2 protein chains.
Amino acid sequence: MAESEGWDAVTTRRLSAEIEYSQPVIYKHFASLDDLYEAVALQSFTELSDALREARGVAGLDDVRAVAQAYLDFADEHPALYEAMFTRSTRLPFGDSETPAALTAAFAELRAGIASVAQGRDVDTLTEVFWAALHGLVSLQRGGRLRHGAEDGRLGLLVESLSL
Amino acid sequence: MAESEGWDAVTTRRLSAEIEYSQPVIYKHFASLDDLYEAVALQSFTELSDALREARGVAGLDDVRAVAQAYLDFADEHPALYEAMFTRSTRLPFGDSETPAALTAAFAELRAGIASVAQGRDVDTLTEVFWAALHGLVSLQRGGRLRHGAEDGRLGLLVESLSL
DNA sequence: CTCAAACCATAGCATCGCTAGTTGTTATAG
DNA sequence: CTATAACAACTAGCGATGCTATGGTTTGAG
(Lines give C-alpha, C1' and ligand atoms only; values in the text may rest on other atoms or scores of the structure.)
Protein backbone atom coordinates (compact mmCIF):
# COMPACT_ATOMS: atom_id res chain seq x y z
CA MET A 1 0.00 0.00 0.00
CA ALA A 2 2.78 2.39 0.91
CA GLU A 3 4.77 1.46 -2.19
CA SER A 4 1.91 2.14 -4.57
CA GLU A 5 0.24 5.16 -2.97
CA GLY A 6 2.74 6.56 -0.49
CA TRP A 7 2.81 6.42 3.27
CA ASP A 8 0.19 9.13 3.65
CA ALA A 9 -2.31 6.74 2.14
CA VAL A 10 -1.59 4.19 4.85
CA THR A 11 -4.17 5.15 7.46
CA THR A 12 -5.34 3.07 10.38
CA ARG A 13 -8.79 2.86 8.83
CA ARG A 14 -7.52 1.59 5.51
CA LEU A 15 -5.21 -0.81 7.28
CA SER A 16 -8.03 -2.18 9.38
CA ALA A 17 -10.15 -2.66 6.27
CA GLU A 18 -7.28 -4.46 4.59
CA ILE A 19 -6.83 -6.94 7.43
CA GLU A 20 -10.60 -7.19 7.88
CA TYR A 21 -10.55 -6.15 11.49
CA SER A 22 -11.78 -3.07 13.22
CA GLN A 23 -9.57 -0.06 13.65
CA PRO A 24 -8.74 -0.35 17.37
CA VAL A 25 -7.33 -3.84 16.86
CA ILE A 26 -4.26 -2.26 15.32
CA TYR A 27 -3.53 -0.57 18.62
CA LYS A 28 -3.43 -3.95 20.33
CA HIS A 29 -0.34 -4.73 18.28
CA PHE A 30 1.23 -1.28 17.88
CA ALA A 31 1.06 1.52 20.38
CA SER A 32 1.07 4.08 17.60
CA LEU A 33 1.62 4.49 13.90
CA ASP A 34 5.20 5.40 14.61
CA ASP A 35 5.69 2.02 16.21
CA LEU A 36 4.31 0.45 13.06
CA TYR A 37 6.77 2.40 10.94
CA GLU A 38 9.50 1.16 13.23
CA ALA A 39 8.46 -2.45 12.74
CA VAL A 40 8.47 -2.01 8.98
CA ALA A 41 11.86 -0.34 9.20
CA LEU A 42 13.32 -3.18 11.22
CA GLN A 43 12.16 -5.82 8.78
CA SER A 44 13.44 -3.76 5.91
CA PHE A 45 16.88 -3.50 7.45
CA THR A 46 17.28 -7.25 7.37
CA GLU A 47 16.07 -7.24 3.78
CA LEU A 48 18.73 -4.68 2.99
CA SER A 49 21.34 -6.77 4.78
CA ASP A 50 20.46 -9.77 2.66
CA ALA A 51 20.69 -7.77 -0.54
CA LEU A 52 24.09 -6.40 0.41
CA ARG A 53 25.43 -9.82 1.41
CA GLU A 54 24.43 -11.34 -1.90
CA ALA A 55 26.11 -8.53 -3.76
CA ARG A 56 29.54 -9.30 -2.34
CA GLY A 57 31.81 -11.80 -3.96
CA VAL A 58 30.29 -11.80 -7.41
CA ALA A 59 32.86 -12.18 -10.15
CA GLY A 60 34.12 -9.26 -12.16
CA LEU A 61 33.24 -6.51 -9.73
CA ASP A 62 35.03 -5.25 -6.66
CA ASP A 63 33.07 -5.53 -3.45
CA VAL A 64 32.85 -1.82 -2.77
CA ARG A 65 31.20 -1.07 -6.07
CA ALA A 66 28.93 -4.11 -5.87
CA VAL A 67 27.71 -3.29 -2.38
CA ALA A 68 27.18 0.34 -3.28
CA GLN A 69 25.21 -0.57 -6.36
CA ALA A 70 23.12 -3.04 -4.37
CA TYR A 71 22.37 -0.35 -1.81
CA LEU A 72 21.19 2.10 -4.45
CA ASP A 73 19.17 -0.61 -6.17
CA PHE A 74 17.44 -1.54 -2.95
CA ALA A 75 16.45 2.06 -2.32
CA ASP A 76 15.25 2.38 -5.88
CA GLU A 77 13.17 -0.77 -5.83
CA HIS A 78 11.63 -0.21 -2.39
CA PRO A 79 11.21 3.53 -1.97
CA ALA A 80 8.54 3.23 0.70
CA LEU A 81 10.55 0.77 2.75
CA TYR A 82 13.58 3.02 2.49
CA GLU A 83 11.50 5.96 3.60
CA ALA A 84 10.26 4.01 6.60
CA MET A 85 13.85 3.15 7.51
CA PHE A 86 15.35 6.61 7.27
CA THR A 87 12.64 9.22 7.29
CA ARG A 88 9.54 8.02 9.10
CA SER A 89 11.07 5.99 11.91
CA THR A 90 12.33 8.59 14.29
CA ARG A 91 13.88 6.45 16.99
CA LEU A 92 16.11 3.61 15.88
CA PRO A 93 19.50 4.66 17.23
CA PHE A 94 22.78 3.06 16.34
CA GLY A 95 25.32 4.14 18.85
CA ASP A 96 23.41 3.01 21.90
CA SER A 97 23.70 -0.36 23.54
CA GLU A 98 20.13 -1.18 22.61
CA THR A 99 20.78 -1.01 18.90
CA PRO A 100 18.57 -3.60 17.17
CA ALA A 101 20.43 -6.51 15.63
CA ALA A 102 18.98 -5.81 12.20
CA LEU A 103 20.67 -2.42 12.13
CA THR A 104 24.09 -3.60 13.22
CA ALA A 105 23.83 -6.39 10.67
CA ALA A 106 23.20 -3.93 7.85
CA PHE A 107 26.10 -1.82 9.01
CA ALA A 108 28.30 -4.91 9.14
CA GLU A 109 27.49 -5.68 5.51
CA LEU A 110 28.52 -2.22 4.42
CA ARG A 111 31.64 -2.58 6.51
CA ALA A 112 32.50 -5.89 4.96
CA GLY A 113 32.11 -4.35 1.55
CA ILE A 114 34.56 -1.54 2.09
CA ALA A 115 36.96 -3.07 4.60
CA SER A 116 39.29 -4.36 1.90
CA VAL A 117 40.17 -0.86 0.74
CA ALA A 118 40.56 0.71 4.16
CA GLN A 119 44.35 0.89 3.88
CA GLY A 120 45.05 1.65 7.50
CA ARG A 121 42.16 4.07 7.88
CA ASP A 122 39.65 3.47 10.66
CA VAL A 123 37.17 1.03 9.19
CA ASP A 124 34.19 2.13 11.28
CA THR A 125 34.66 5.74 10.32
CA LEU A 126 35.17 4.82 6.69
CA THR A 127 31.99 2.76 6.74
CA GLU A 128 30.02 5.64 8.20
CA VAL A 129 31.24 7.98 5.49
CA PHE A 130 30.51 5.35 2.85
CA TRP A 131 27.03 4.90 4.21
CA ALA A 132 26.41 8.63 4.43
CA ALA A 133 27.44 9.15 0.83
CA LEU A 134 25.16 6.36 -0.36
CA HIS A 135 22.25 7.62 1.68
CA GLY A 136 22.85 11.13 0.46
CA LEU A 137 22.79 9.98 -3.14
CA VAL A 138 19.52 8.17 -2.56
CA SER A 139 17.96 11.06 -0.71
CA LEU A 140 18.98 13.78 -3.15
CA GLN A 141 18.14 11.77 -6.21
CA ARG A 142 14.72 11.01 -4.77
CA GLY A 143 14.07 14.72 -4.37
CA GLY A 144 15.10 15.38 -7.95
CA ARG A 145 18.16 17.30 -6.84
CA LEU A 146 20.66 15.43 -9.00
CA ARG A 147 21.11 15.35 -12.76
CA HIS A 148 19.49 12.45 -14.52
CA GLY A 149 21.77 10.17 -16.45
CA ALA A 150 24.83 10.84 -14.32
CA GLU A 151 24.18 8.07 -11.81
CA ASP A 152 27.06 5.88 -12.91
CA GLY A 153 29.42 8.81 -12.95
CA ARG A 154 28.60 9.69 -9.39
CA LEU A 155 28.90 6.15 -8.14
CA GLY A 156 32.18 5.65 -9.95
CA LEU A 157 33.63 8.83 -8.56
CA LEU A 158 32.53 7.95 -5.07
CA VAL A 159 33.92 4.43 -5.12
CA GLU A 160 37.15 5.62 -6.66
CA SER A 161 37.57 8.33 -4.04
CA LEU A 162 36.92 6.09 -1.06
CA SER A 163 39.06 3.27 -2.45
CA LEU A 164 42.27 5.21 -2.46
CA MET B 1 7.86 27.65 15.92
CA ALA B 2 9.16 24.79 13.81
CA GLU B 3 12.62 25.05 15.36
CA SER B 4 11.36 24.86 18.91
CA GLU B 5 8.47 22.40 18.59
CA GLY B 6 8.93 20.66 15.27
CA TRP B 7 7.05 21.05 12.01
CA ASP B 8 4.11 18.99 13.22
CA ALA B 9 3.36 21.76 15.69
CA VAL B 10 3.10 24.29 12.87
CA THR B 11 -0.59 24.07 12.06
CA THR B 12 -2.61 26.55 10.06
CA ARG B 13 -4.62 27.40 13.17
CA ARG B 14 -1.56 28.12 15.27
CA LEU B 15 -0.07 30.09 12.43
CA SER B 16 -3.17 32.20 12.07
CA ALA B 17 -3.20 32.87 15.81
CA GLU B 18 0.45 33.89 15.64
CA ILE B 19 -0.12 36.42 12.87
CA GLU B 20 -3.40 37.51 14.48
CA TYR B 21 -5.51 36.75 11.44
CA SER B 22 -8.09 34.13 10.77
CA GLN B 23 -7.15 30.77 9.36
CA PRO B 24 -8.34 31.16 5.76
CA VAL B 25 -6.16 34.21 5.28
CA ILE B 26 -3.18 31.89 5.06
CA TYR B 27 -4.66 30.38 1.92
CA LYS B 28 -4.71 33.79 0.27
CA HIS B 29 -0.92 33.70 0.36
CA PHE B 30 -0.18 29.99 0.04
CA ALA B 31 -2.26 27.48 -1.87
CA SER B 32 -1.35 24.76 0.60
CA LEU B 33 0.91 23.94 3.49
CA ASP B 34 3.32 22.33 1.05
CA ASP B 35 3.64 25.65 -0.72
CA LEU B 36 4.48 27.23 2.58
CA TYR B 37 7.18 24.64 3.21
CA GLU B 38 8.50 25.41 -0.23
CA ALA B 39 8.70 29.12 0.52
CA VAL B 40 10.58 28.42 3.74
CA ALA B 41 12.87 26.06 1.86
CA LEU B 42 13.66 28.64 -0.79
CA GLN B 43 14.56 31.30 1.74
CA SER B 44 16.66 28.82 3.62
CA PHE B 45 18.62 27.92 0.52
CA THR B 46 19.80 31.48 0.15
CA GLU B 47 20.70 31.51 3.84
CA LEU B 48 22.74 28.38 3.25
CA SER B 49 24.38 29.97 0.24
CA ASP B 50 25.44 32.95 2.31
CA ALA B 51 26.88 30.74 5.03
CA LEU B 52 28.90 28.73 2.51
CA ARG B 53 30.18 31.83 0.75
CA GLU B 54 31.42 33.32 3.99
CA ALA B 55 33.18 30.10 4.86
CA ARG B 56 35.40 30.17 1.79
CA GLY B 57 38.68 32.03 1.82
CA VAL B 58 39.23 32.13 5.55
CA ALA B 59 42.87 31.78 6.50
CA GLY B 60 44.34 28.55 7.72
CA LEU B 61 41.75 26.21 6.30
CA ASP B 62 41.33 24.79 2.83
CA ASP B 63 38.09 25.70 1.12
CA VAL B 64 36.75 22.16 0.89
CA ARG B 65 36.97 21.59 4.59
CA ALA B 66 35.67 25.06 5.45
CA VAL B 67 32.64 24.75 3.18
CA ALA B 68 31.88 21.25 4.44
CA GLN B 69 32.08 22.38 8.03
CA ALA B 70 29.86 25.36 7.30
CA TYR B 71 27.31 23.07 5.67
CA LEU B 72 27.20 20.77 8.69
CA ASP B 73 27.03 23.73 11.04
CA PHE B 74 24.11 25.22 9.18
CA ALA B 75 22.18 21.97 9.38
CA ASP B 76 23.02 21.68 13.04
CA GLU B 77 21.94 25.20 13.90
CA HIS B 78 18.76 25.22 11.82
CA PRO B 79 17.38 21.69 11.92
CA ALA B 80 13.84 22.73 11.04
CA LEU B 81 14.94 24.82 8.08
CA TYR B 82 17.09 21.97 6.85
CA GLU B 83 14.16 19.63 7.17
CA ALA B 84 11.99 22.00 5.16
CA MET B 85 14.65 22.12 2.46
CA PHE B 86 15.25 18.40 2.06
CA THR B 87 12.43 16.47 3.62
CA ARG B 88 9.21 18.43 3.64
CA SER B 89 9.44 20.25 0.35
CA THR B 90 8.69 17.61 -2.20
CA ARG B 91 8.96 19.55 -5.43
CA LEU B 92 12.01 21.74 -5.82
CA PRO B 93 13.88 20.04 -8.66
CA PHE B 94 17.39 20.82 -9.74
CA GLY B 95 17.92 19.38 -13.14
CA ASP B 96 14.98 21.11 -14.79
CA SER B 97 15.08 24.43 -16.53
CA GLU B 98 12.82 25.95 -13.91
CA THR B 99 15.27 25.40 -11.10
CA PRO B 100 14.92 28.29 -8.65
CA ALA B 101 17.89 30.62 -8.48
CA ALA B 102 18.36 30.03 -4.77
CA LEU B 103 19.05 26.37 -5.39
CA THR B 104 21.53 26.83 -8.19
CA ALA B 105 23.26 29.44 -6.06
CA ALA B 106 23.70 27.00 -3.20
CA PHE B 107 25.00 24.38 -5.58
CA ALA B 108 27.42 26.91 -7.03
CA GLU B 109 28.83 27.61 -3.58
CA LEU B 110 29.50 23.95 -2.97
CA ARG B 111 31.06 23.75 -6.40
CA ALA B 112 33.29 26.71 -5.75
CA GLY B 113 34.42 25.07 -2.54
CA ILE B 114 35.53 21.83 -4.12
CA ALA B 115 36.53 22.96 -7.61
CA SER B 116 40.16 23.54 -6.62
CA VAL B 117 40.73 19.87 -5.89
CA ALA B 118 38.91 18.47 -8.89
CA GLN B 119 42.14 17.47 -10.64
CA GLY B 120 40.60 16.82 -14.00
CA ARG B 121 37.52 15.08 -12.68
CA ASP B 122 34.14 16.40 -13.77
CA VAL B 123 33.39 19.22 -11.37
CA ASP B 124 29.61 18.91 -11.51
CA THR B 125 29.73 15.23 -10.71
CA LEU B 126 32.25 15.80 -7.96
CA THR B 127 30.06 18.49 -6.46
CA GLU B 128 27.05 16.21 -6.48
CA VAL B 129 28.97 13.49 -4.67
CA PHE B 130 30.31 16.05 -2.22
CA TRP B 131 26.83 17.33 -1.59
CA ALA B 132 25.40 13.85 -1.21
CA ALA B 133 28.02 12.89 1.34
CA LEU B 134 27.39 16.01 3.38
CA HIS B 135 23.63 15.56 3.26
CA GLY B 136 24.03 11.92 4.20
CA LEU B 137 26.12 12.83 7.21
CA VAL B 138 23.51 15.35 8.32
CA SER B 139 20.62 12.97 7.78
CA LEU B 140 22.16 9.96 9.47
CA GLN B 141 23.51 11.92 12.38
CA ARG B 142 20.11 13.48 12.91
CA GLY B 143 18.57 10.02 13.14
CA GLY B 144 21.16 8.95 15.67
CA ARG B 145 22.66 6.49 13.23
CA LEU B 146 26.27 7.62 13.64
CA ARG B 147 28.63 7.39 16.61
CA HIS B 148 28.86 10.45 18.75
CA GLY B 149 32.25 12.05 19.05
CA ALA B 150 33.50 10.85 15.68
CA GLU B 151 32.24 13.85 13.72
CA ASP B 152 35.67 15.28 13.01
CA GLY B 153 36.99 11.91 12.00
CA ARG B 154 34.26 11.45 9.44
CA LEU B 155 34.62 14.92 8.02
CA GLY B 156 38.37 14.59 7.81
CA LEU B 157 38.15 11.26 6.05
CA LEU B 158 35.58 12.59 3.60
CA VAL B 159 37.53 15.69 2.70
CA GLU B 160 40.74 13.73 2.37
CA SER B 161 39.11 11.18 0.09
CA LEU B 162 37.50 13.68 -2.23
CA SER B 163 40.59 15.88 -2.34
CA LEU B 164 42.82 13.27 -3.89
C1' DC C 1 -23.17 -24.74 34.32
C1' DT C 2 -20.90 -20.55 35.90
C1' DC C 3 -18.03 -16.96 35.73
C1' DA C 4 -14.06 -14.44 34.58
C1' DA C 5 -10.93 -13.10 31.10
C1' DA C 6 -9.84 -12.16 26.33
C1' DC C 7 -11.20 -10.22 22.28
C1' DC C 8 -13.23 -7.07 19.20
C1' DA C 9 -16.68 -3.59 17.42
C1' DT C 10 -19.37 0.75 17.88
C1' DA C 11 -19.13 5.24 18.69
C1' DG C 12 -16.87 9.23 19.72
C1' DC C 13 -13.12 12.92 20.85
C1' DA C 14 -10.00 16.32 19.52
C1' DT C 15 -7.60 18.01 15.78
C1' DC C 16 -6.09 18.40 11.20
C1' DG C 17 -5.99 20.79 6.21
C1' DC C 18 -8.95 23.14 3.52
C1' DT C 19 -13.33 25.60 1.66
C1' DA C 20 -17.98 27.71 1.02
C1' DG C 21 -20.74 31.45 2.21
C1' DT C 22 -21.24 35.75 4.33
C1' DT C 23 -20.27 40.17 6.34
C1' DG C 24 -17.84 44.44 6.94
C1' DT C 25 -14.96 47.79 4.72
C1' DT C 26 -12.95 50.44 1.02
C1' DA C 27 -12.63 52.31 -3.52
C1' DT C 28 -15.01 53.94 -7.58
C1' DA C 29 -18.50 55.76 -10.70
C1' DG C 30 -22.47 58.74 -11.48
C1' DC D 1 -23.35 62.60 -1.71
C1' DT D 2 -24.94 58.24 -3.05
C1' DA D 3 -25.01 53.68 -5.08
C1' DT D 4 -22.36 50.00 -6.53
C1' DA D 5 -18.62 47.24 -7.23
C1' DA D 6 -14.47 45.15 -5.36
C1' DC D 7 -11.86 43.53 -1.84
C1' DA D 8 -10.61 41.51 2.46
C1' DA D 9 -11.39 38.91 6.35
C1' DC D 10 -14.34 36.06 9.44
C1' DT D 11 -17.63 32.38 10.87
C1' DA D 12 -18.86 27.96 10.26
C1' DG D 13 -18.34 23.63 8.51
C1' DC D 14 -16.72 19.38 5.73
C1' DG D 15 -14.24 15.24 5.47
C1' DA D 16 -10.62 12.79 7.34
C1' DT D 17 -7.03 11.88 10.61
C1' DG D 18 -4.87 9.25 15.01
C1' DC D 19 -6.36 7.47 18.99
C1' DT D 20 -9.60 5.94 22.99
C1' DA D 21 -13.57 4.83 26.20
C1' DT D 22 -17.19 1.86 26.54
C1' DG D 23 -19.76 -2.19 26.00
C1' DG D 24 -20.99 -6.60 23.96
C1' DT D 25 -19.59 -11.38 22.53
C1' DT D 26 -16.89 -15.37 22.57
C1' DT D 27 -13.80 -18.50 24.81
C1' DG D 28 -12.00 -21.40 28.31
C1' DA D 29 -11.16 -22.86 33.10
C1' DG D 30 -13.16 -24.64 37.41
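Everything quoted here is computed from the prediction, not taken from an experiment. What's counted below: heavy atoms across the whole structure, side chains too, no hydrogens, waters or symmetry copies. Throughout, protein chains are lettered first and strands after them, A, B, ... in sequence-line order, and every chain is numbered starting at 1.
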Looking at residues at least two apart in the chain, or sitting in another chain, which of them share a ring pair (Phe, Tyr, Trp, His ring centres under 6.0 Å) with Y82(B)? Y71(B), F86(B), H135(B)
Would you mind writing out the side-chain donor-acceptor pairs for residues 156-164 of chain A within the sub-3.5 Å range, not counting sequence neighbours?
from, atom 1, to, atom 2, distance (Å)
S161(A), OG, L157(A), O, 2.7
S163(A), OG, V159(A), O, 2.6

Please report, rounded to the nearest Å, how far the P atom of dG17(C) is from the OH atom of Y27(B). 6 Å
Summary of protein contacts for nucleotides 5-10 of chain C, nucleotide by nucleotide, where a base hit scores B, a sugar-phosphate-only hit scores S (4.0 Å, heavy atoms): ---SBB
Test: R88(A) and D8(A) ion pair at under 4.0 Å: yes
Write out the stems for DNA chain C, ordered by first number and formatted as range with range, counting runs of at least 3 consecutive Watson-Crick or G-U wobble pairs under 3.5 Å. C:1-30 with D:1-30
What pairs of residues pass the ring-ring contact (aromatic ring centres under 6.0 Å, His included) test when at least one of them lies in residues 21-44 of chain B, not counting sequence neighbours? W7(B)-Y37(B)
All N/O donor-acceptor pairs, side-chain side in residues 113-120 of chain A, below 3.5 Å, sequence neighbours left out:
none

In the hydrophobic cluster built from side-chain contacts under 4.5 Å, what are the other members alongside V123(B)? none
Just the rounded figure in Å: distance from P of dT17(D) to CG of L33(B). 17 Å
For R142(A), enumerate each residue passing the side chain to side chain donor-acceptor pair (under 3.5 Å) test, keeping only those at least two apart in sequence or located in another chain. none
Take atom CG of L15(A) and atom P of dG18(D), then tell me their distance rounded to the nearest Å. 9 Å
How many whole angstroms separate atom CG of L36(B) from atom C1' of dC16(C)? 15 Å
Quick one: list whatever passes side chain to side chain donor-acceptor pair (under 3.5 Å) with E3(B), sequence neighbours left out. none
Within residues 3-12 of chain B, residues whose heavy atoms come under 4.0 Å of DNA chain C: V10(B), T11(B), T12(B)
With no hydrogens and no angle check, do the side chains of R145(B) and S139(B) hold a donor and an acceptor under 3.5 Å apart? no
Which residue pairs satisfy the salt bridge (charged side-chain N to carboxylate O under 4.0 Å, His left out) criterion with at least one member in residues 44-59 of chain A, sequence neighbours excluded? D50(A)-R53(A), R53(A)-E109(A), R56(A)-E109(A)
May I have the distance from F30(B) (atom CZ) to dT19(C) (atom C1'), rounded to whole angstrom? 18 Å
Mind checking side chain to side chain donor-acceptor pair (under 3.5 Å) for R65(A) and listing every partner two or more places apart, or none if nothing turns up? none
In whole angstroms, how far is the P atom of dA14(C) from the CZ atom of R14(B)? 19 Å
